[in-house]
Amino acid sequence: FRSRSDDSEDTELRFVTCQSLWNQIKSETEQIQEDLNKQLLDNLVSFLSRSHSEFQAKTTEWTCRMKFREIPTAALVLGVNVTDHDLTFRGLSDVLQDNITPFIALLEAKDCAGIKNLMQKLMGQLMNCDVDVDSLEDEDCVQVSQNRIRCSMSSLISWYESVTKKTDSETPSKKRNSFSRHWQSPPVVVIFKDMESFTTKVLQDFIVISSQHIHELPLVLIFGIATSPMIIHRLLPHSVSSLLCIELFQSLSCKEHLSTIIDKLLLTSRFPFKLGEKVLQVLINIFLYHDFSVQNFIKGFQLCIVEHFYSQPLSVLCCQLVDVKKRVYSLSHDQCENIRRLPSFRRYVEKQEAGKQVALLTNDSFLKEEAEKLLEDLHVYHENYVSILRCLHVFTSSLPKYPLGKQIRELHCACLENRVWETEEYESSLQLARMLNKTDLVTMLQQCVEILRSSSGKEFDKTVEKLKEFLTQFQNLEAEASQERDVSVSSQKELQKKTDLYHLQKTLLELKESRRSKKLTKFEMLRFEVVDYIDSLVRKYLVPADDRTLHEIVYFNAATVLRGHLNAAPRTALHTALNNPHWYLKNQALKCDGGGISNKAPDICIVYKLHLECGRLINLVDWLEAFSTVVMAAEEPNADAASSDQVDDIIHARFIRAISEMELLGFIKPSKQKTDHVARLTWGGC
């Protein structure tokens, strides 16, 4: 955070508040992800337990599988959000170590270019020793304590038997405690984190070798798949895939994962910090059109929190409601002035009478009292907003074509952007809602009653009573409908009894006239009344946050700043660093006005600025002379020829190094036209 002499205490409080808020959100996020992955991990543990028990008991099923040399294999489909896979595998590894087996190896394709590298990594992880693949490039051994063990399946089997057959008296106490949670012969689990990246030959060789020893080593494979389970059959021929007994496991969709995160973190009154519509849309767009990564979305959310507390001096008031009063009354005069500068507070002052306007603009004590009330109103607004938003989502998510979106996050963005009841999509939703049948309406009203009952808002008692009244009226309509059906049946019987032509014509004309008038039935009138009542709740509680006073304190709306942080522009950043090193280094000696070149700048910066003045081909001799002129500008001429030659050699070496760095960064390349020239590769400003 910015260090200021006049508000150092405030800066520290903002930092503590930011840190505390993020710790709460982080723990909540971890709990959400643990709950979402629980079903998947439980299924995997069950699968491994079955495989383990079959080997342990030497059952008929395992014997049959052993004869056919089948390896128990879990195909774990995790989706294309590859950056989230590490978290899932870490959770899986922890669960397996706690419940099933201590023998777990996680392999990545980048470390397993060949079968020898794979065996080195596998045995190194299982034996808890570090394997330096580069140093063992020509050797097939790993160093375990003072012994060198050959990397082969037979060595692995010997090690496994020696470890699992140790008696309690021979096993150290620490080792015995670690084995007490597991069975006598726990399985060896090998996890291929990115199966698509492994070469076909490596997978084939490992599977074929392992299948020949499956009766000696209880091996279980887990394939981490980002695309489709069919990749197994594309990578492996039938003769190899038939050696695997595959069971498919599907993780939760990343979109459902994101919806849960937004629902638990943003659509709640537990956390005072909120995201503005444009900021939320930036994060969602990056998720949908870039990487589908929930972890990156959470990192972006964290960046928003840090940026908000860094740039907003009044973010010290972005805290829980119980702390608002204490912090408001501890505000300094400068912080009161910051409140008066807020656009939403200015609009609020303009709507007040003249006497109150003067008090708000001149009296700090009165301002603090008013600010406390406004912040409490903002907290109540959030509680009511979330409840009514969920009720509206109950209606809109069941409509055909989803005019306001199927997900609640889409509805939330629409409500934040503007007054949702003024949009065409909302009008379309109301029209469709007015055509719902009675069963759907009753179900929706019951869901809304449950939502409002569980809400922390205190204004919904009358709303719940009104919704219950609607439900009662629907029940009464059903009873009346059954009576009307009985009456219509009796009237038809009486009509059949009338043989007089005059009375028969009169009755038929009355029926025809009633059909022409098309009066609304009681059900249709009640349905219109229900939809209109929901519409009134929307207009009352789903007002955009930008219309609320002091919303700037808790809402982060700097979408441009966030986009600049997340959407990388490497060429612009590189140009800024080389053309103006003071921007990053904050060294006053490097600051140059008027486009000059400082001789105290790094060599690559001097070379870069000189190359901007050149054309397509750059003469290296001229470039060196210009570089030498800039570097020697502030130095006094030396009469000693030997010293001068030594200085020239040093400058020459510095120039060559800077040129090499320029070539590495892609600004220049050697020219085939002239040997003493280089070609410039970049043009135009950034």
Side-chain angles (χ1 to χ4, degrees), residues 36-55 62 65 69-82 84-112 115 118-119 121-126 153 156 160 182-183 185-200 202-211 213-214 217-236 240-252:
L36 292 176
N37 290 329
K38 186 177 185 304
Q39 184 64 40
L40 174 66
L41 298 181
D42 289 347
N43 292 338
L44 283 168
V45 167
S46 175
F47 167 74
L48 290 167
S49 299
R50 293 197 305 272
S51 303
H52 168 75
S53 60
E54 291 165 5
F55 180 84
W62 180 268
R65 183 182 296 172
R69 299 182 301 171
E70 288 185 351
I71 305 173
T73 304
L76 182 55
V77 183
L78 297 174
V80 296
N81 50 326
V82 180
D84 295 339
H85 293 183
D86 283 339
L87 183 66
T88 304
F89 285 124
R90 283 201 301 270
L92 174 61
S93 178
D94 293 341
V95 170
L96 294 181
Q97 286 181 342
D98 290 340
N99 299 283
I100 300 296
T101 175
F103 308 128
I104 300 172
L106 287 91
L107 304 179
E108 295 184 75
K110 64 180 182 180
D111 301 324
C112 304
I115 185 64
L118 187 149
M119 291 301 299
K121 280 290 180 184
L122 174 62
M123 296 184 68
Q125 291 188 31
L126 292 177
M153 191 60 70
L156 181 61
Y160 178 80
H182 310 119
W183 289 25
S185 300
V188 176
V189 180
V190 182
I191 301 176
F192 294 84
K193 296 175 68 174
D194 47 348
M195 184 189 178
E196 289 93 343
S197 301
F198 280 85
T199 59
T200 302
V202 171
L203 289 174
Q204 286 187 30
D205 292 346
F206 179 73
I207 292 171
V208 171
I209 294 172
S210 300
S211 67
H213 300 276
I214 191 64
L217 184 69
L219 191 68
V220 178
L221 306 182
I222 297 179
F223 291 149
I225 300 173
T227 52
S228 167
M230 290 302 297
I231 192 66
I232 298 176
H233 302 288
R234 292 175 186 170
L235 287 176
L236 305 174
V240 177
S241 62
S242 61
L243 300 176
L244 303 176
C245 180
I246 302 174
E247 188 166 335
L248 183 64
F249 297 89
Q250 179 76 51
S251 68
L252 189 68

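Numbers here simply count residues along the sequence, with the first being 1. Heavy atoms only: backbone and side chains are in, while hydrogens, waters and symmetry mates are out.
- Here the straight-line distance linking atom CG of Leu221 with atom CD1 of Ile71 works out to 5.0 Å at 0.5 Å rounding.
- Taken from CG in Leu41 to OG in Ser93, the straight-line distance is 11.0 Å, to the nearest 0.5 Å.
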Test side chain to side chain contact (heavy atoms under 4.5 Å, CB included) applied to Val190 and Leu107, step by step: CA-CA 7 Å; Val190 182; Leu107 304 179; 3.7 Å; yes
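- In this structure, the side chains of Leu96 and Val45 come closer than 4.5 Å at one or more pairs of heavy atoms.
- Of all non-hydrogen atoms in Gln97 and Pro102, the two that sit nearest each other are NE2-O, 4.4 Å.
- Counting heavy atoms from C-beta outward, Ile222 and Val189 have side chains that approach closer than 4.5 Å.
- For Asp194, there are no salt bridge (Lys or Arg N to Asp or Glu O under 4.0 Å) partners at least two apart in sequence or on another chain.
- Residues Leu122 and Phe206 meet the side-chain proximity criterion, which asks for heavy atoms closer than 4.5 Å.
- Side-chain contact of Glu247 with Thr73: a donor-acceptor pair under 3.5 Å is absent, judged by distance alone.
- In this structure, CG on Leu156 lies 5.5 Å from CE on Met119, to the nearest 0.5 angstrom.
- Summarising the geometry, atom CG belonging to Leu126 is positioned 9.5 Å from atom CD1 belonging to Ile104; distances are rounded to the nearest 0.5 Å.
- Side-chain atoms of Ser211 never come within 3.5 Å of backbone atoms of Glu70 as a donor-acceptor pair (strictly under, hydrogens ignored).
- Using a 4.5 Å heavy-atom threshold, the side chains of Ile214 and Leu219 count as touching.
- The shortest side-chain heavy-atom distance between Phe223 and Pro229 does not fall under the 4.5 Å cut-off.
- The side-chain heavy atoms of Ser228 and Val77, taken from C-beta on, include no pair separated by under 4.5 Å.
- Across all non-hydrogen atoms, the minimal contact from Gln125 to Ala105 is OE1-CA, 3.3 Å.
- A donor-acceptor contact shorter than 3.5 Å links the side chain of His85 to the backbone of Gly79.
- Applying the side chain to side chain contact (heavy atoms under 4.5 Å, CB included) test between Phe192 and each of Val202, Leu76, Leu118 identifies Leu118 as the sole match.
- Minimum interatomic distance between Tyr160 and Pro218 (heavy atoms only, all atoms of both residues): OH-CG, 3.2 Å.
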Worked check of side chain to side chain contact (heavy atoms under 4.5 Å, CB included) between Leu78 and Asp84: CA-CA 9 Å; Leu78 297 174; Asp84 295 339; over 6 Å; no
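- A distance of 7.5 Å separates OG of Ser251 from CG of Asn37, quoted to the nearest 0.5 Å.
- Residues satisfying the side chain to side chain donor-acceptor pair (under 3.5 Å) criterion with Glu108, sequence neighbours excluded, are absent altogether.
- Atoms OG and CG, on Ser49 and Asn99 in that order, are 8.0 Å from each other to the nearest 0.5 Å.
- With contacts defined as side-chain heavy-atom distances shorter than 4.5 Å, the pair Leu244/Leu236 qualifies.
- Summarising the geometry of Ser210 relative to Met153, their closest heavy-atom pair is OG-CE, 3.5 Å, with the distance given to 0.1 Å.
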Test log, rule side chain to side chain contact (heavy atoms under 4.5 Å, CB included), inputs Ile225 and Ile232: CA-CA 9 Å; Ile225 300 173; Ile232 298 176; 3.9 Å; yes
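- The two residues Pro186 and Phe103 have their closest heavy-atom pair at CG-CE1, 3.6 Å.
- Pairing each heavy atom of Thr227 with each of Glu196, the nearest pair is OG1-OE2, 2.8 Å.
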Applying salt bridge (Lys or Arg N to Asp or Glu O under 4.0 Å) to Asp42 and Lys38, what does each step give before you reach the verdict? CA-CA 6 Å; Asp42 289 347; Lys38 186 177 185 304; 2.9 Å; yes
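- The side-chain heavy atoms of Met195 and Leu203, taken from C-beta on, include a pair separated by under 4.5 Å.
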Test log, rule side chain to side chain contact (heavy atoms under 4.5 Å, CB included), inputs Leu235 and Gln204: CA-CA 9 Å; Leu235 287 176; Gln204 286 187 30; over 6 Å; no
